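Structure first, commentary second.
The residues of the chain are indexed from 1 along the displayed sequence. Side chains are part of it too, since the values below use all heavy atoms of this structure and drop only hydrogens, waters and symmetry mates. A quick note: this is a predicted structure, and the numbers were derived from the prediction, not measured.
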Amino acid sequence: MRIITRKRVAAVAAILAVGGGTMAYAYWTTGGSGSGSASTGTTSNIVVNQTGSATGMYPGQTVNLSGTFTNTANPGSVYITAVTAAVHAFSTTAVDANKPACTQADFAIGGTAPVGAEVAHGTGGSWSGLTLTLTDAGTNQDNCKGVTVTIDYTAS
């Protein structure tokens, strides 16, 4: 019968440790490739608000237009270059059939409204510089009395 001594146990442990250590460092190398993707979002239109009201106009009068923006449809800021406006097409039912009807042609938008700024999420930012004139047509414009016109604003 053989007696296992401490020296023999230590020698076997050392051999296993060296062999096991060598196995831990054994590996193969290789290369590879792959791909991924990222996408950008889009923006939604903002709302152009008119502040104040142009009331009591008469032929030949010009009023200033100004306003703010509502940017709740976008999660972040959007850049606005300018605001433009146009009088929405309409034609009144002639109160006095002997006088010309009042139409969008009786009104004129003038000026420029450069913005050149970022509009943060929410309501804010401002624009100004546009005007609205009830033109003096040189004819009877009684059918424009008491008319409310709609102004269509566009931000770009």
Side-chain angles (χ1 to χ4, degrees), residues 17-156:
V18 170
T22 302
M23 287 182 176
Y25 292 107
Y27 59 89
W28 290 353
T29 61
T30 188
S33 64
S35 65
S37 66
S39 64
T40 60
T42 61
T43 57
S44 297
N45 289 335
I46 65 168
V47 177
V48 180
N49 305 303
Q50 176 183 317
T51 54
S53 62
T55 59
M57 295 184 71
Y58 54 84
Q61 181 187 17
T62 298
V63 295
N64 294 321
L65 302 172
S66 61
T68 61
F69 303 101
T70 301
N71 178 24
T72 55
N74 296 293
S77 297
V78 294
Y79 189 85
I80 301 299
T81 303
V83 173
T84 57
V87 176
H88 192 83
F90 75 96
S91 180
T92 62
T93 303
V95 176
D96 185 340
N98 296 319
K99 297 174 185 166
C102 184
T103 70
Q104 75 274 9
D106 288 294
F107 296 86
I109 300 289
T112 60
V115 178
E118 286 188 17
V119 175
H121 175 78
T123 299
S126 64
W127 62 270
S128 63
L130 295 177
T131 60
L132 173 66
T133 301
L134 173 52
T135 59
D136 184 347
T139 61
N140 188 314
Q141 291 177 282
D142 281 352
N143 284 327
C144 283
K145 289 179 179 177
V147 169
T148 299
V149 298
T150 300
I151 303 169
D152 297 323
Y153 293 101
T154 303
S156 59

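Between the side chain of Gln104 and the main chain of Phe90, a donor-acceptor pair closer than 3.5 Å is present. At distances below 3.5 Å, at least one donor-acceptor pair connects side-chain atoms of Asn143 with backbone N or O atoms of Asp96. A donor-acceptor pair is defined here as one N or O able to donate and one able to accept, closer than 3.5 Å; such a pair exists between the side chain of Thr103 and the backbone of Ala105.
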request  = Begin with the C-alpha distance, continue with both residues' side-chain angles, and end with the deciding distance and a verdict on side-chain contact (heavy atoms from CB on, under 4.5 Å) for Asp106 and Leu134.
outcome  = CA-CA 6 Å; Asp106 288 294; Leu134 173 52; 4.2 Å; yes
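Applying the side-chain contact (heavy atoms from CB on, under 4.5 Å) test to Lys145 and every residue at least two apart in sequence or in another chain returns Asp142. Looking at residues two or more places apart in sequence or on another chain, you find a side-chain contact (heavy atoms from CB on, under 4.5 Å) between Tyr79 and Thr81, Glu118. With sequence neighbours left out, Thr131 forms a side-chain hydrogen bond (donor to acceptor under 3.5 Å, both in side chains) with no residue at all. In this structure Thr135 satisfies the side-chain hydrogen bond (donor to acceptor under 3.5 Å, both in side chains) test with no other residue, sequence neighbours excluded.
Here the shortest heavy-atom pairing between Thr51 and Gly67 reads OG1-CA, 3.5 Å. The two residues Met57 and Leu132 have their closest heavy-atom pair at CE-O, 3.5 Å. Residues Val115 and Ser126 share a closest heavy-atom pair of CG1-O, 4.2 Å. Nearest heavy-atom pair, Tyr153 versus Gln50, reported as atom, atom and distance to 0.1 Å: OH-OE1, 2.6 Å. Looking at every heavy atom in both residues, Ile109 comes nearest to Ala86 through CG1-CA, 4.1 Å. For the residue pair Ala155 and Phe69, the shortest heavy atom distance occurs at CB-CE2, 4.5 Å.
If you take CD on Gln61 and OG1 on Thr133, they are separated by 8.5 Å, rounding to the nearest 0.5 Å. Atom-to-atom distance recorded for Thr150:OG1 and Phe107:CZ is 10.5 Å, nearest 0.5 angstrom.
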What side-chain donor-acceptor pairs closer than 3.5 Å can you find for residues 70-77, not counting sequence neighbours?
residue: Thr70; atom: OG1; partner: Asn49; partner atom: ND2; Å: 2.9
residue: Asn71; atom: OD1; partner: Asn74; partner atom: ND2; Å: 2.8
residue: Asn71; atom: ND2; partner: Gly76; partner atom: O; Å: 3.1
residue: Asn71; atom: ND2; partner: Val119; partner atom: O; Å: 3.1
residue: Asn71; atom: ND2; partner: Ala120; partner atom: O; Å: 3.3
residue: Asn74; atom: OD1; partner: Ser44; partner atom: N; Å: 2.7
residue: Asn74; atom: ND2; partner: Ser44; partner atom: O; Å: 2.9

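Remark: Asn45 CG is loosely packed, at most 12 non-hydrogen atoms of other residues, nucleotides or ligands lying under 6.0 Å away.
The stretch residues 47-73 participates, sequence neighbours left out, in no salt bridge (Lys or Arg N to Asp or Glu O under 4.0 Å) pair at all.
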